[in-house]
Amino acid sequence: MTRALRDYDASCETTTRDYDASRETTTRAARLRREPRDYDARLRRELRDYDARLRRELRDYDASCETTTRAARLLCETTTRAARLRRELRDYSARLRRELCETTTRALRDYDASSARLRRELRDYDASCETTLRDYDASCETTTRAARLRRELCETTTRALRDYDASCDSFLLEQRFSVLEARHVKELHGLQRERQQLQDMLERQRCLVTQLQGELGTSTHNSTLLQKQQAILTDTVQQLLAMVTHCNDIPSTPKEEPVIFRNCAEIFRSGLTENGVHSIRPPNSTHTVKVFCDMKTRGGGWTVLQHRRDGAVDFHRGWKDYKMGFGDPSGEYWAGNDLIHLLTSSQEYSLQVQLKDAEGNEAYSHYSHFYIDAENKNYSLHAQGFSGSAGRTSSLTHPGTQFSTKDRDNDRCSCKCAQMASGGWWFEACGPSNLNGIYYAGVSNVVRYNGIKWYYWKGPSLMTTVTTMMVRPAGF
Ligand SMILES: [Ca+2]
């Protein structure tokens, strides 16, 4: 039994083992059966996916092929067009270059032609300038030479006329003397004694005449002095009478009479010491005139007779204008020959000539004794006692020279100095001065023979000058 049980247990164990084995085999078989199916299904699925992907790629490829073809076509067209454009560009630039070349050549040719013409014109202009300058120099030289010749001619003519007069006189005397000699040659011896007596008498008479002339000169001088003193006395009396009348009038009519002065020196003494225009009444005159008073130069009290400074007033005038005076006392003017005569013949006067040149250099000429005669002696000049810085020699002509204007020729030249030299002045023939000549402004080396002149200071002409002639009682 026990063995039977053991056998049984053994058989049961074996059976169980077999069973487990068979079950495991069944499971594996089932799994094996299932595996091909899964594999097949997976394969199919993968195949399907691959097919789909292939189709998609194929479609994409087709599409890309088309794009490539189109691109290739476009590229081809573009290349063709670019080649055409390059060709056209080449042609165009070649044409441009050709045209530019032609234009440049033409412009250069024109430029050459015009510059040659300009050079020619410039050369012509230079030549004409040179000719003009040469002509101008020549004309200047000719003018200078002509003026010099004219002056020399004047002097020669004057000299010749004087010589001619002298020779005429001597010739006539000689002729008369010969006739007398021929007529009386036979009676000569008989008449010698008589002639001797006559000569003695003539000598005595000559002595007498000389003595009489001397006495006459002295008495004339005395008479002139007396006349001057009388004039001063008359004036003083008139002034005293006026003052008396004025004093008498004071209680009844207390109105203020303006004080009339005879010259700027009296005005200065009255206390007015500023430069300016004032009214004066010259001695022996019933009229008052306006004059400029210089109260600053060398002590002041100067009555200005002539002033030039800018050429604003025309000084080339006739006798009447110079007689009466012209211009503006506050600017350029001539006080008038009548006034100058009345002033300077009433008492001793001194003359001051103030000058300034274009560079501003100043100088003066002073005359301690100065007066001019009346119109009936053509306002003859008398200036003596020269001193000053405007030249070592006086530029005024010698005493007795008469005044001339363009319409009154009183000079000692056969020409008319007032017309040649311009203005009114005391011309000799024609003398070393003329402060009333033409006023030339600016600065120039050209000599102006009709300009303002003060020869012994600045030679034959003064340009852009300032001139003043003024008088003051001597011993002021
Ligand atoms: Ca003359």
Side-chain angles (χ1 to χ4, degrees), residues 142-172 305-306 308 313-326 334-338 340-341 344 351 353 365 367 370-384 391 393-440 447-456 459-462 467 469:
T142 312
T143 312
T144 315
R145 205 182 308 139
R148 200 169 56 236
L149 279 174
R150 214 178 292 133
R151 205 170 56 246
E152 284 172 11
L153 186 65
C154 278
E155 284 167 7
T156 312
T157 312
T158 312
R159 221 165 29 238
L161 275 172
R162 222 164 27 228
D163 291 353
Y164 176 71
D165 284 352
S167 71
C168 274
D169 286 353
S170 65
F171 178 69
L172 281 172
L305 307 179
Q306 188 264 19
R308 310 287 297 275
V313 173
D314 176 21
F315 272 63
H316 193 45
R317 292 169 181 251
W319 186 263
K320 200 175 169 192
D321 281 349
Y322 272 96
K323 172 185 163 74
M324 303 308 293
F326 56 83
W334 177 256
N337 287 340
D338 279 348
I340 301 174
H341 165 66
T344 59
L351 169 71
V353 179
S365 289
Y367 299 86
F370 168 75
Y371 71 95
I372 67 169
D373 289 322
E375 189 178 16
N376 59 7
K377 288 185 179 174
N378 293 325
Y379 305 115
S380 297
L381 172 77
H382 301 274
Q384 286 170 317
T393 310
S394 167
S395 292
L396 276 182
T397 55
H398 60 74
T401 305
Q402 299 177 1
F403 199 83
S404 292
T405 54
K406 60 184 177 182
D407 53 350
R408 287 279 188 99
D409 179 21
N410 299 319
D411 58 42
R412 294 187 187 176
C413 175
S414 55
C415 63
K416 294 183 175 178
C417 295
Q419 288 184 4
M420 275 170 52
S422 156
W425 194 249
W426 298 277
F427 295 107
E428 170 78 17
C430 295
S433 64
N434 177 16
L435 296 186
N436 292 337
I438 290 175
Y439 189 98
Y440 286 104
V447 175
R448 310 282 192 179
Y449 286 102
N450 56 359
I452 295 174
K453 178 165 72 170
W454 199 255
Y455 186 84
Y456 292 108
S461 62
L462 266 172
T467 74
M469 292 173 69

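First listed ligand is number 1; within each ligand, the first listed atom is number 1.
- Atom CD of residue Gln306 and atom CG of residue Leu351 lie 10.0 Å apart, to the nearest 0.5 angstrom.
- Partner of Ser433 under the side chain to side chain donor-acceptor pair (under 3.5 Å) criterion, out of Tyr456, Trp426, Trp425: Trp425 alone.
- Around the Ca ion (ligand 1), the protein contributes the following N, O or S atoms under 3.0 Å, ordered by chain and number: Asp409 OD1, Asp409 OD2, Asp411 OD1, Cys413 O, Cys415 O.
- Contact check on Lys416 versus Asp409 returns no salt bridge, with no Lys/Arg side-chain nitrogen under 4.0 Å from an Asp/Glu carboxylate oxygen.
- Annotation: cation-pi pair Arg317/Phe326 present, NZ/CZ under 6.0 Å from the ring centroid and within 45° of its normal.
- Defined by atom type and a distance below 3.5 Å, a donor-acceptor pair is missing between the side-chain atoms of His316 and Asn436.
- Between Tyr367 and Ser394, the side chains place a donor N or O and an acceptor N or O closer than 3.5 Å (distance only, hydrogens not considered).
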